[in-house]
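This report refers to the structure that appears directly beneath it.
For reference, positions follow the sequence shown, starting with 1.
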Amino acid sequence: MFKELWNDAAGGFHPASAPDYLPEQALREVQLRRLRAVVEHAYKNVALFRSRMEERGLTPESVQSLADIAKLPFTVKADLRDTYPSGLFAVPMGDVVRLHASSGTTGKPIVVGYTREDIQVWSEVMARALACYGLHRGDIVQNAFGYGLFTGGLGVHYGAETLGATVVPISGGNTDRQLMVIRDFGVSALCCTPSYFAHMLERAEELGVDLPASSLRVGVFGAEPWSDAMRRHIEEAAGIRAYDIYGLSEIVGPGVGCECTEQHGLHLFEDHFYPEIIDPESGEPLPDGEEGELVITTLSKRAMPMIRYRTRDITSIIPEPCACGRTLRRMRRIERRSDDMFIIRGVNVFPSQVEAALLAVEGTLPHYQIILTRDHGLDQITVEVEVTAEVFSDKVRALEEVRARLAQSIERIIGIRVMLRLVEPRTIERSQGKTKRVIDRRHD
Ligand code: DLL
């Protein structure tokens with residue numbers, strides 16, 4: 001399957017021959033064949049998975065159809081922590097050619113391993129993702145995702161090379177140099193977190209760099225949630241089309257799913273990553289269209305197969321076929337995780353709702369933080385947001401007007417009034433990678 005994607009004479013990648021367009025029946029057959037193989041591989045080689053199967057009286061033969069996947073036990077992040085660093089590996093270390101790790105929020109990182117074949121599959125799906133955005137050989141891709149243990153840098157890098165594009169492995173940081181490279185190298189696509197790009201935009205303005213007039217036409221953003229309001233802000237300010245890329249270390253890294261030029265949901269590379277949506281409370285599978293937790297089974301991973309991995313990311317499958325003609329199913333953009341919700345005075349709040357409310361008000365900038373505190377047992381939420389220099393300098397009238405509009409906009413979306421702290425541009429710390437939006441000081 002992998003070899004079919006290359007045309008040796010041109011040495012390039014041919015998206016039209018990619019499995020993105022397999023007729024549905026053929027795709028399901030590939031999935032079932034691979035599912036049975038991966039379950040057998042994990043059963044033979046991963047003690048934790050085997051014991052969970054045995055507890056349920058299951059063997060690899062119990063999987064006769066794709067629907068049988070629902071019988072299999074889930075895998076969760078704690079399983080990776082409990083077996084740190086390599087207890088879920090299904091091949092000897094001699095077959096593992098790469099390790100990555102994700103820092104996580106508490107304690108030890110989780111470690112993921114890849115065989116040479118796994119790296120090829122990852123490169124292939126990432127190349128298919130870049131092709132979905134309309135990129136090809138001849139494009140110059142500036143990769144500002146962090147290189148290192150984080151999967152973003154190397155994942156995108158191998159994908160861009162596999163596509164046959166020219167990759168500039170600049171990694172994150174040194175924003176002035178990023179802007180110089182965009183201009184001097186004739187960069188056509190830039191990849192990084194959306195929050196880092198928002199920072200690049202403000203630096204471009206300070207330096208008088210006219211991004212809309214530059215060669216840049218595509219932005220590839222992911223690794224953290226970003227709202228449609230943020231997309232509009234980015235597209236207008238930079239004169240580019242901004243596309244979403246999704247992935248997680250436990251499954252492979254970036255390249256689990258991506259938007260196409262329709263910008264309506266993310267296609268999942270389901271010939272390698274089988275998606276399910278479940279009710280996060282009961283664990284029961286939900287029908288297409290209903291919102292729940294995304295669960296993914298890796299269909300071809302050798303080093304670290306993941307069976308029914310609970311991502312904690314909340315989304316739904318879009319039931320209609322995509323106008324682009326790809327048969328790969330789409331999921332709605334991930335706006336939230338089931339574990340990033342906080343409850344304030346009985347109201348469930350997600351950071352993405354606050355972002356949408358803030359960006360709806362003119363005079364605010366896409367740099368904000370949500371600070372949770374506890375005062376005499378009562379939870380308080382403060383939203384700290386930067387406003388433009390013009391608003392800030394006109395301290396009395398403009399500032400109070402923006403404050404009133406913000407309070408209203410937030411109340412309309414989340415249903416409660418929050419405390420607001422409007423600050424000058426550049427007050428809130430910038431990140432080169434994922435941005436921490438919620439600062440929880442309730443247990444300090
Ligand atoms: O963030 C992999 C990646 C790198 C994806 C570069 C895209 C681009 P982790 O560090 O393991 O891996 O974090 C995975 O980040 O479960 C989501 O909660 C979140 N996430 C990733 N992409 C998106 C996205 C990488 N496009 C976790 N939208 C995932 C929303 C995202 N959330």
Original post:
Could Arg430 and Tyr196 be counted as a cation-pi pair, given that NZ or CZ must be under 6.0 Å from the ring centre and within 45° of the axis?
Top reply: no

Original post:
Is the NZ or CZ atom of Arg329 positioned over Tyr274's six-membered ring, under 6.0 angstrom from the centre and within 45° of the axis?
Top reply: yes

Do [X] and [Y] have side-chain heavy atoms sitting under 4.5 Å apart?
X: Val256; Y: Thr311; result: no
X: Pro169; Y: Asn143; result: no
X: Val209; Y: Arg183; result: yes
X: Phe89; Y: Leu99; result: yes
X: Leu406; Y: Leu358; result: yes
X: Phe221; Y: Ile245; result: no
X: Val418; Y: Ile414; result: yes
X: Thr297; Y: Leu35; result: yes

Original post:
Is a side-chain N or O of Ser188 found less than 3.5 angstrom from the main chain of Ile140, in a donor-acceptor match?
Top reply: yes

Subject >> Under 3.5 Å donor-acceptor, Ser214 side chain and Leu216 backbone >> reply: yes

Is [Y] paired with [X] through a side-chain N to carboxylate O contact shorter than 4.0 Å?
X: Arg232; Y: Glu236; value: no
X: Asp139; Y: Arg217; value: yes
X: Asp118; Y: Lys301; value: no
X: Arg308; Y: Glu276; value: yes

Please identify which of these residues, [options], meets the side-chain contact (heavy atoms from CB on, under 4.5 Å) condition with [X].
X: Val295; options: Ile278, Thr75, Ile69; result: Ile278
X: Thr315; options: Met331, Arg330, Glu293, Glu291; result: Met331
X: Ser195; options: Lys434, His367, Arg437; result: Arg437
X: Glu355; options: Pro366, Pro225, Ser227; result: Ser227

Any side-chain donor near an acceptor of the partner, [X] and [Y], under 3.5 Å:
X: Gln263; Y: Glu235; result: yes
X: Asp79; Y: Tyr309; result: no
X: His100; Y: Thr151; result: no

Other residues, nucleotides and ligands only: do more than 12 of their heavy atoms fall within 6.0 Å of [atom1] on [X]?
X: Glu362; atom1: CD; value: no
X: Gln353; atom1: CD; value: yes
X: Arg116; atom1: CZ; value: no

**OP:** Apply side chain to side chain contact (heavy atoms under 4.5 Å, CB included) to the pair Trp226 and Arg231, showing each step before the final yes or no.
**Re:** CA-CA 7 Å; Trp226 53 304; Arg231 190 205 307 258; 3.7 Å; yes

**OP:** Dump the intermediate steps for side chain to side chain contact (heavy atoms under 4.5 Å, CB included) on Cys132 and Asp20, then the final yes or no.
**Re:** CA-CA 10 Å; Cys132 276; Asp20 298 19; 4.2 Å; yes

Subject >> Criterion ring-ring contact (aromatic ring centres under 6.0 Å, His included) against Trp122, the qualifying member of Phe273, Tyr114, Tyr158 >> reply: Tyr114

**OP:** Can you spot which of Arg81, Lys77, Arg310, Arg312 makes a salt bridge (charged side-chain N to carboxylate O under 4.0 Å, His left out) with Glu250?
**Re:** Lys77

**OP:** For the residue pair Tyr243 and Tyr133, categorise the inter-ring angle as parallel (less than 30°), tilted (30 to 60°) or perpendicular (more than 60°).
**Re:** parallel

**OP:** Please report the closest heavy-atom contact between Ile416 and Val347, naming both atoms and the distance.
**Re:** CG2-CG2, 3.7 Å

**OP:** Provide the full list of ring pair (Phe, Tyr, Trp, His ring centres under 6.0 Å) pairs with a residue in residues 249-269, sequence neighbours left out, each pair given once.
**Re:** none

Subject >> Ile413 CD1 to Glu411 CD distance, which is reported to the nearest 0.5 Å >> reply: 11.5 Å

**OP:** Could you give me the CA-CA distance, side-chain angles and deciding distance for Lys108 and Asp82, then say whether salt bridge (Lys or Arg N to Asp or Glu O under 4.0 Å) is met?
**Re:** CA-CA 10 Å; Lys108 290 255 197 282; Asp82 295 346; over 6 Å; no

**OP:** Quick one: list whatever passes side-chain hydrogen bond (donor to acceptor under 3.5 Å, both in side chains) with Ser316, sequence neighbours left out.
**Re:** Arg332

